[in-house]
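Remember, it's a predicted structure, so these values are computed and weren't measured experimentally. Residue numbers begin at 1 in each chain, while the letters A, B, ... track the order of the sequences.
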Number of protein chains: 2
Amino acid sequence: MRRKVTLKQIAKELDVSISTVSKSLRDSPEISEDTRQKVQAFAKLYNYKPNLIALSLKNKKTKTIGIIIPEIVHHFFATVISGIEHVANEHGYNVIVTLSDESFDKEVINMEMLANGSIDGFIMSLSKETQHKKDFHHITEVINQGMPVVMFDRVTNDILCDKVIIDDNLAAYEAVQNLIDKGFKKIALITTVDYVSVGKLRTDGYIKALKTNNIVVDPKLILKIEDIDICDHQIEELIANNEIDAVFAVNELFAVTAIKAAKKINLKVPDDISVIGFTDGIISKYSSPSITTVSQNGIKMGGKAAKMLIERLESEEEEDEHYKTEVIETHLVLRESTPSL
Amino acid sequence: MRRKVTLKQIAKELDVSISTVSKSLRDSPEISEDTRQKVQAFAKLYNYKPNLIALSLKNKKTKTIGIIIPEIVHHFFATVISGIEHVANEHGYNVIVTLSDESFDKEVINMEMLANGSIDGFIMSLSKETQHKKDFHHITEVINQGMPVVMFDRVTNDILCDKVIIDDNLAAYEAVQNLIDKGFKKIALITTVDYVSVGKLRTDGYIKALKTNNIVVDPKLILKIEDIDICDHQIEELIANNEIDAVFAVNELFAVTAIKAAKKINLKVPDDISVIGFTDGIISKYSSPSITTVSQNGIKMGGKAAKMLIERLESEEEEDEHYKTEVIETHLVLRESTPSL
DNA sequence: TTTCAACACGCAAACGTTTTCGGTAGGTGC
DNA sequence: GCACCTACCGAAAACGTTTGCGTGTTGAAA
């Protein structure tokens, strides 16, 4: 077993000083061609690689990005990580991932953990509980320490920082408008409870679309789901007890569950009832019928977030204070769950 | 903006030495009650937290685990990460995630990157390309440096280290046996090319089941997919041109694609043709019909891997050299894509 | 008054780097 | 023979910790 070799060991072996070794390896003109060659050859032979921890300590830069997301077993978040990881890697950064499990406490703990030197900046999406409590002191604290934060998707206006989002309101509006254009009038909404920021925005978009088209908003057609694991029954009731033309669901799971519910009472999709979902994930693509959905490009979102963070990190102390909010465009992916014309 | 406070600053402020501060905070009896109180109060006021990078350098332990997987936008790998993250967190470890994108080079680069001090040990699953090339020098090198590695799912016998896998062969055997028990005789297999270790093992299990039941193995019924993105056509051909009773697919995507192909030529699932998949992911659960599948518990797998790694890390230099391979049990989740009796 | 223990604290090394600032040769110019 | 320059290299500080050991002060015992 050959442990990692350090500058000190090389220096000792070659009977020169540590600084000479360091300079040789960085091709400093201070060192003679001879010694440089000798050192470099030796270093190569023993496969010397500088210790990144030591460098981090010295440079006060870790070249790693901290990610805090509610869940990873969730296609959208996985794509975002993928997007972050790729542009981070291109710029020589690593990513360290922590999960909040939708819990405020875990979010705080993870954040404090990473803030103590392990990373250069954060990319995060708020947990449900945090959005509910509206307690963001852990985030402001980190920002006050001079560590940049980029928020995505689930963001809040209470924090000043860079953000990257989609226009949830507009996207929902356009989806519902699409249903209206196809002649549907009784359009149900399956959404989350209001404190989930994106859920609220999508709900607003739905309402706006109806109002714009002079359709009265029927509260009975709006279902707000608290716990995603036990939504089946509520959705079945919604569909069975109202003569619904179409359903707009604020995520994939609600959409596919709606389709299953419809089938259960022998309604055909899209012949008897149409469904539009949100998030172009695995389910929408592979369920049958495949689901028309609002595509939010997670890769792009993550990539953009990483880019913004890295730019801020490398703009060297120009504490710009001018925060930007980037909006990633969405589009409707038309599939089998809505009529083709 | 209040930057993070260090021992040195506290020492200066309180006009004591750095060591006094450090000892006070760690409640050393060497320091008088008085100063301890004073220091601790001050530290709390300024929210002192030790710099983890400095600690890592000193202790030669980073308390973080490096993960290298082929892809993250893949439900199974996401669940594994989730499993790893949870037990890692319980033990005070963070995880840093890198993706190989199924590329040998990226796997090597990421591995070397992390091996230079950033982490205490690896948990990894081989990229396709690495399995194809059978080049594992980057892994042996890391192990030779004394850094523990735990491999999961896509492993190789060429490396000696801890591993956690499922019994792919047996699981496939049982799945196919289940089909045979239901009276099916013409059972097709949709699998990957052979160099993907798990694909090969599952193929072997399929063949074994057929042979055990004295069914001749028909090469025409075995489809080996090279590129998952363009498998549709091949699968359609397989199903259209052979009078198949049932299909065993080595992953979710092949399974759901098979179902779509069957529907396309008006075969009903499971009335006309049955399908069993592998991996109990989102697709199997939510597609309609939902898919009978071999469940491999990613959470459990990741958790076990993390546990093994941490145990080895904390067993303190007992360079055990006694490597274990843990087998996670699987079971068949019966759903709508196979007849209920 | 001397001695010794106990107590409270500081010094310095160590982890592995990078970099600034000298320092020591040797050679050159006068 | 003296001063100075250049080429080459080493010492040391710095990043933020922890910790073994040394040291100074105090009080009490002899």
What does Lys58(A) touch in the nucleic acid at a heavy-atom separation under 4.0 angstrom: a base, only the sugar-phosphate, or nothing? base
Examine distances only and state if a side-chain atom of Ser127(A) and a backbone atom of Pro70(A) form a donor-acceptor pair shorter than 3.5 Å. no
Scan residues 37-48 of chain A against DNA chain D and write down, sorted by residue number, each residue with any heavy atom closer than 4.0 Å; if none is found, say none. none
Suppose the criterion is ring pair (Phe, Tyr, Trp, His ring centres under 6.0 Å): which pairs have a residue in residues 32-68 of chain B, not counting sequence neighbours? Phe42(B)-Tyr46(B)
Looking at residues at least two apart in the chain, or sitting in another chain, which of them share a side chain to side chain donor-acceptor pair (under 3.5 Å) with Lys163(B)? none
Contacts to DNA chain D from residues 20-30 of chain A, heavy-atom cutoff under 4.0 Å, which residues? Thr20(A), Lys23(A), Glu30(A)
Chain B reaches DNA chain D, atoms under 4.0 Å from its heavy atoms, from dC15(D) to dC21(D)
Flag, side chain of Asn51(B) to backbone of Ile53(B), donor-acceptor distance under 3.5 Å: yes
Which residue in the set Asp120(B), Leu309(B), Thr64(B) passes side chain to side chain contact (heavy atoms under 4.5 Å, CB included) when paired with Tyr93(B)? Asp120(B)
Before accepting this row, confirm whether a basic side-chain N of the pair Arg154(A)/Glu102(A) lies closer than 4.0 Å to the acidic partner's carboxylate O. yes
Answer yes or no: is there an ion pair linking Glu107(A) with Lys128(A), defined by an N-O contact shorter than 4.0 Å? no
Please classify the nucleic acid contact of Thr35(B) as base, sugar-phosphate, or nothing, using heavy-atom distances under 4.0 Å. sugar-phosphate
For Leu55(A), which contact category applies under a 4.0 Å heavy-atom criterion: base, sugar-phosphate, or nothing? sugar-phosphate
For Asp162(A), all residues meeting salt bridge (charged side-chain N to carboxylate O under 4.0 Å, His left out), sequence neighbours excluded: Arg312(A)
Check every strand shown and say whether Ser19(B) touches a base, only sugar-phosphate, or nothing at a heavy-atom separation below 4.0 Å. base
Are more than 12 heavy atoms from other residues, nucleotides or ligands located less than 6.0 Å from atom CG of Asp158(A)? yes
How about Phe104(A) and His132(A): are their ring centroids closer than 6.0 Å? no
In terms of the nearest nucleotide of DNA chain C, which residue is placed more toward the 5' end: Ser32(B) or Leu57(A)? Ser32(B)
Please compare Ala54(A) and Ile18(B) by the position of their nearest nucleotide in DNA chain C and report the one closer to 5'. Ile18(B)
Looking across every strand, which nucleic acid part, if any, lies under 4.0 Å from Leu7(A) by heavy atom: base, sugar-phosphate, or nothing? base
Could you give the CD1-to-P distance, from Ile31(B) to dA6(C), as a whole number of Å? 18 Å
Between Lys63(B) and Glu314(B), does at least one N-O distance fall below 4.0 Å, as a salt bridge requires? yes
